[in-house]
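Here the structure is a predicted model, which means the values were calculated and not measured.
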Amino acid sequence: MAHLMITTPLTADLVRGALELERTGRGLVPHRLPARARAQNTDPRLAMAEAQPAGVRLRFRTTADVVELETLPTKQVYAGAPPRPDGVYDLLVDGQLTAQASVAGGHTLNVDMAIGASSLTGGAPGVVRFAGLGGQRKDVELWLPHNELTELIALRTDAPVEAVPGDRRVWLHHGSSISHGSNAASPATTWPALAATAAGVDLVNLGFSGNALLDPFTARAMRDTPADLISVKLGINVVNADLMRLRAFGPAVHGFLDTIRDGHPDTPLVVVSPLYCPIHERTPGPGDFDHAALARGEVRFRATGEPGPGKLTLEIIREGLARIASQRQASDPHLSYLDGLSLYGPEDFAELPLPDDLHPCPAAHRRIGARFAARVLDFKGA
């Protein structure tokens, strides 16, 4: 029997985890940085990362047995690298992962990292369809692919939908590609998504692949975003981008935290240092692809820097962040410090090594998410 489908307008009250929704000729593009911040950014890699909807999901209440979402994805193809799988859409019903699907086709962004060039090939929209959900009243969350720019075109169901009241506490998080979700199996199984689901909080994930770089416009975006708890996971991108020396790092961290505090003077704020990553523990950046591995069809990373005065490594970053947090706690009782090694350390690496030498595997994402939920998301600090 054919289902009579209802098209529901895509409005802000149905979308969680985005700081801004850009209207296009077809629908909506979720952004994780507001227009003012995007206008100040000069890095195309950050422009791509913030538009990938990590942590962004549709949330609604319905009795629908069938849910369809029409989207136009933009998929990335990297010259010389193995093809990337299609992005995954995770459907959660009453908090439980129930089904997964992908949209084939869409636009293709061809990227040549060697020369820093890219080109876009146009494509057609597609539809993810979930059926057999049952006619009971339920809360549905449809998590968008964390690593694939997604333009939302239409939401169709066989029963009316309504927005779910925003009655959960909000966790605002900023971090690197690991927080973005690199090497996670799907958007609802990145470590921040798993932690948020376990704790029953609303996640706003400002994890930007390669771009947790203490940008002032990111700090201002966090300053202006309502939140009940804030965490900033800093360090790995500053090292693998070889962005600054020790002299600049400390004041930059203080300035970043000061800006957040301008809008959140008393909100619990957790400073998280880097996870364990052997290639950068004692070796500075810049980081690079392991080109010998690429020739074998593998994606792996390596550290290419040489130690020197003021150069940053993960060990130096952890010492610096611990010192900064201790200094600030004298006048900021709501600030906590969490050593990233307690989330993923050498013992975890021995059991669950980093498959590309930089990012954790799906099982490690689950472990990190469970530990963060238990140690931080009780809203009492770390």
Under the side chain to side chain donor-acceptor pair (under 3.5 Å) test, which residues partner [X], sequence neighbours left out?
| X | result |
| --- | --- |
| Arg261 | Asp332 |
| His107 | none |
| Asp43 | Arg45 |
| Gln100 | Asp90, Ser186 |

Can a donor-acceptor pair be found between the side chains of Thr157 and Glu68 at a distance below 3.5 Å?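 No, no side-chain donor-acceptor contact under 3.5 Å.
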
Quick one about Glu50 and His31 (side-chain donor to acceptor, distance below 3.5 Å, no hydrogens or angles considered), yes or no? yes

Side chain [X], main chain [Y], donor-acceptor under 3.5 Å:
| X | Y | value |
| --- | --- | --- |
| Thr62 | Pro160 | yes |
| Ser177 | His180 | no |
| Ser182 | Ile178 | no |
| Asn237 | Ser176 | no |
| Thr225 | Ala221 | yes |
| Glu148 | Gly87 | yes |

Pairs in or reaching into residues 192-244: which pass ring pair (Phe, Tyr, Trp, His ring centres under 6.0 Å), with residues at least two apart or in two chains?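 Of all non-adjacent pairs touching residues 192-244, those that pass ring pair (Phe, Tyr, Trp, His ring centres under 6.0 Å) are His174-Phe208.
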
Scan for ring pair (Phe, Tyr, Trp, His ring centres under 6.0 Å) pairs involving residues 260-287, sequence neighbours excluded, and state none if there are none. Tyr276-Phe349

Give, for atom [atom1] of [X] and atom [atom2] of [Y], the distance between the pair rounded to the nearest 0.5 Å.
| X | Y | atom1 | atom2 | value |
| --- | --- | --- | --- | --- |
| Ile324 | Leu335 | CD1 | CG | 10.5 Å |
| Arg223 | Phe256 | CZ | CZ | 11.5 Å |
| Thr197 | Leu377 | OG1 | CG | 10.5 Å |
| Ile260 | Met222 | CD1 | CE | 4.0 Å |

So, for His173 and Pro192, which heavy atoms are closest and what is the spacing to 0.1 Å? CD2-CG, 4.4 Å

Closest approach of Asp158 to Val66 (non-hydrogen atoms, all atoms of both residues):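 Minimum heavy-atom separation between Asp158 and Val66: OD1-N, 3.1 Å.
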
Listing request: all side-chain hydrogen bond (donor to acceptor under 3.5 Å, both in side chains) pairs with a residue in residues 210-221, at least two apart in sequence or in separate chains. Gln40-Arg220

In the hydrophobic clustering that connects Ile, Leu, Val, Met, Phe, Trp and Tyr at side-chain heavy-atom distances below 4.5 Å, which members other than Val67 occupy its cluster, ordered by chain and number? Leu10, Leu14, Val15, Leu21, Leu28, Val56, Leu58, Phe60, Leu69, Tyr89, Leu91, Val93, Val103, Val128, Phe130, Leu133, Val140, Leu142, Leu144, Leu152, Leu155, Val161

Sequence neighbours excluded, every pair satisfying salt bridge (Lys or Arg N to Asp or Glu O under 4.0 Å) that has a member inside [range]:
| range | value |
| --- | --- |
| residues 267-291 | Glu281-Arg318, Arg282-Glu315, Asp288-Arg302 |
| residues 350-367 | Arg300-Asp357, Asp348-Arg367, Glu351-Arg367 |
| residues 179-191 | none |
| residues 196-205 | Arg16-Asp202, Arg57-Asp202, Arg168-Asp202 |

By the definition side-chain hydrogen bond (donor to acceptor under 3.5 Å, both in side chains), identify the one residue from Gln76, His146, Arg32 that meets it with Gln52. Gln76

Carboxylate-amine/guanidinium proximity below 4.0 Å for Arg137 and Asp94: no

